[in-house]
There are 2 protein chains.
Amino acid sequence: MDTLPDDRPAFHDGGHEHQSCVEDALARAEDLCRRRGARLTPLRRRVLELVWGSHRAVKAYDLLAALDDGAGAAKPPTVYRALEFLKEHGLVHRIDSLNAFVGCPQPGEGHSAQFLICGECGEVSEMNAASIDRAVAERAAASGFALSRIIIELHGRCPRCATPSRGI
Amino acid sequence: MDTLPDDRPAFHDGGHEHQSCVEDALARAEDLCRRRGARLTPLRRRVLELVWGSHRAVKAYDLLAALDDGAGAAKPPTVYRALEFLKEHGLVHRIDSLNAFVGCPQPGEGHSAQFLICGECGEVSEMNAASIDRAVAERAAASGFALSRIIIELHGRCPRCATPSRGI
DNA sequence: CCGCCCGGCGTTACAGTATAGCAGCACGCA
DNA sequence: TGCGTGCTGCTATACTGTAACGCCGGGCGG
């Protein structure tokens, strides 16, 4: 068994240039879909863009409301279908403990994913800790359990929210 | 850091004497509530018994239907309140990825819990692998993340379902 | 004993999450 | 041209969960 190094989860400071996060994510998505022959339609692209509107997990019905361009309100299946497509291609993840969705910063790779969810600011950060996956796979195998999907969602406070800010 | 041993998850064979699982669980619950001064009312006891009706995760609305004794149908808040009480006392766990509830075999201890969920037979088994918790806590700490709750839900096939039975 | 409080339960009503199933439309292709 | 396929839109409905109010019974101080 090779020992992959663990990735570092990236939390973002309040002042980071978020527009570039969005643009990069969309560019990665365009690229991945082109390579796979999948169709990143305007609707799907828009939903992905909305999911990337923040580093927090976004609820489907909030997307629905955001899609509503003033005229006809979008209907649930519209957004759920777009999310389904994005999930299938690893462009977004669903956070089960929040019933919400978050953009995947490294789409396309069969990566392990553990989510760090800040209960204060709501930011969700994806880790890729191979060491955790190994520990899990090892224990599952020891029980004779044939593992197919690993859900790890960690709630707590992100570094910025956990550290009392100067001034308090 | 002391190195706790990992527990073994217990899967049950089809023919096990389930009635004793239920009775044991209820006895543990009675005992725990007595020690804590918490009130295991008839309703709460009945909900716990229903949750323990199988080793699968049970949906709130299925409990609701099961509570319906023919006369007046039970209403959602009834069962959700009972589940809330049982969760608070660690007598049941909620499986977020299933929107369902499962009885806890070791209530009362601040244990780590990882759930092995069989997609075939539906059985849910709780592991208590301290090694996994340690790996998770370590990585969270390395990221400066203040961990408060660890959700680990593993989907796959239980040993019985993963092993092709004689006869096929 | 009486009155009060409080926890548990019941009810109504509603909010939030998700899917089934069918119709129309655009596009590529035989 | 005609057809199939994939995307989108719609209606309708199912499923999951909570807010808010009121009743009731039991404990407890007066």
Side-chain angles (χ1 to χ4, degrees), chain A residues 29-30 33-34 36-51 56-89 91-102 117 122 151 153, chain B residues 29-30 33-34 36-51 56-89 91-102 117 122 151 153:
Chain A
E30 299 273 14
C33 288
R34 197 172 330 106
R36 291 192 181 180
R39 295 173 54 188
L40 188 63
T41 63
L43 174 64
R44 292 165 176 176
R45 194 177 194 284
R46 176 116 179 79
V47 169
L48 183 58
E49 185 179 3
L50 288 169
V51 169
R56 297 186 289 110
V58 184
K59 304 236 162 201
Y61 275 67
D62 291 342
L63 291 172
L64 207 46
L67 278 177
D68 187 354
D69 48 0
K75 304 294 189 254
T78 300
V79 70
Y80 280 106
R81 279 190 294 229
L83 288 169
E84 180 62 20
F85 171 89
L86 297 171
K87 256 197 306 181
E88 270 170 13
H89 291 282
L91 295 165
V92 302
H93 295 289
R94 181 186 152 85
I95 308 295
D96 288 303
S97 58
L98 299 176
N99 292 339
F101 300 83
V102 70
I117 301 157
I151 298 170
E153 299 177 10
Chain B
E30 298 273 14
C33 287
R34 197 172 330 106
R36 290 191 181 178
R39 294 174 52 189
L40 189 62
T41 63
L43 176 65
R44 290 166 176 173
R45 194 176 194 284
R46 175 117 179 79
V47 169
L48 183 58
E49 185 179 3
L50 289 169
V51 169
R56 297 186 289 109
V58 184
K59 304 236 161 200
Y61 275 67
D62 291 343
L63 291 172
L64 209 44
L67 277 178
D68 188 353
D69 48 1
K75 307 292 190 249
T78 299
V79 69
Y80 279 106
R81 280 189 293 227
L83 288 169
E84 180 62 22
F85 171 89
L86 297 171
K87 256 197 307 182
E88 271 171 10
H89 291 281
L91 295 166
V92 303
H93 296 290
R94 182 188 151 85
I95 308 294
D96 287 303
S97 58
L98 298 177
N99 292 339
F101 300 83
V102 70
I117 301 157
I151 298 169
E153 298 176 11

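- For the pair B/H89 NE2 and C/dG8 P, the interatomic distance rounds to 8 Å; values are reported in whole Å.
- To the nearest 0.5 angstrom, A/R94 atom CZ is 9.0 Å from A/E153 atom CD.
- Regarding contacts with the backbone of D/dC10, every side-chain N or O of A/T78 stays at 4.0 angstrom or more from both OP1 and OP2.
- Of the candidate nucleotides D/dG17, D/dT8, C/dG7, C/dG7 has the atom lying nearest to any side-chain atom of B/R39.
- Look at CG on B/L86: it is 10 Å from P on C/dC9, rounded to the nearest Å.
- In this structure, CZ on A/F85 lies 7.0 Å from OG1 on A/T41, to the nearest 0.5 angstrom.
- We find the OG-CD1 distance between A/S97 and A/I151 to be 9.5 Å, quoted to the nearest 0.5 Å.
- Atom CZ of A/R44 is separated from atom NE2 of A/H89 by 7.0 Å, given to the nearest 0.5 angstrom.
- Rounded to whole Å, atom P of C/dG8 lies 15 Å from atom CG of B/L83.
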Worked verdict on B/L67 versus B/L43 for side-chain contact (heavy atoms from CB on, under 4.5 Å): CA-CA 9 Å; B/L67 277 178; B/L43 176 65; 4.3 Å; yes
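- In this structure, CG of B/D62 is placed 7 Å from P of D/dT16, rounded to the nearest angstrom.
- Rounding to whole angstrom units, CD1 of residue A/I95 and P of C/dA18 are separated by 13 Å.
- Between the side chain of B/K59 and the backbone N or O of B/L64, no donor-acceptor pair lies under 3.5 Å.
- At C/dA18, one or more side-chain N or O atoms of A/R94 fall inside 4.0 Å of OP1 or OP2 (strictly under the cut-off).
- In this model, the phosphate group of C/dG16 is not approached by any side-chain N or O of A/K59 to a distance below 4.0 Å at OP1 or OP2.
- Separating the CG atom of B/L64 from the C1' atom of D/dA14 is a distance of 14 Å, rounded to the nearest angstrom.
- Atom pair B/L43:CG and D/dC24:P shows a separation of 18 Å (rounding to whole Å applied).
- Salt bridge A/K87/A/E84: present, at least one basic N to carboxylate O contact under 4.0 Å.
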Letter per nucleotide, 5' to 3', of nucleotides 19-29 of chain C [B base touched, S only sugar-phosphate touched, - untouched; heavy atoms, 4.0 Å]: BBB--------
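- In this structure, A/L98 atom CG and D/dG17 atom P are separated by 14 Å, rounded to whole Å.
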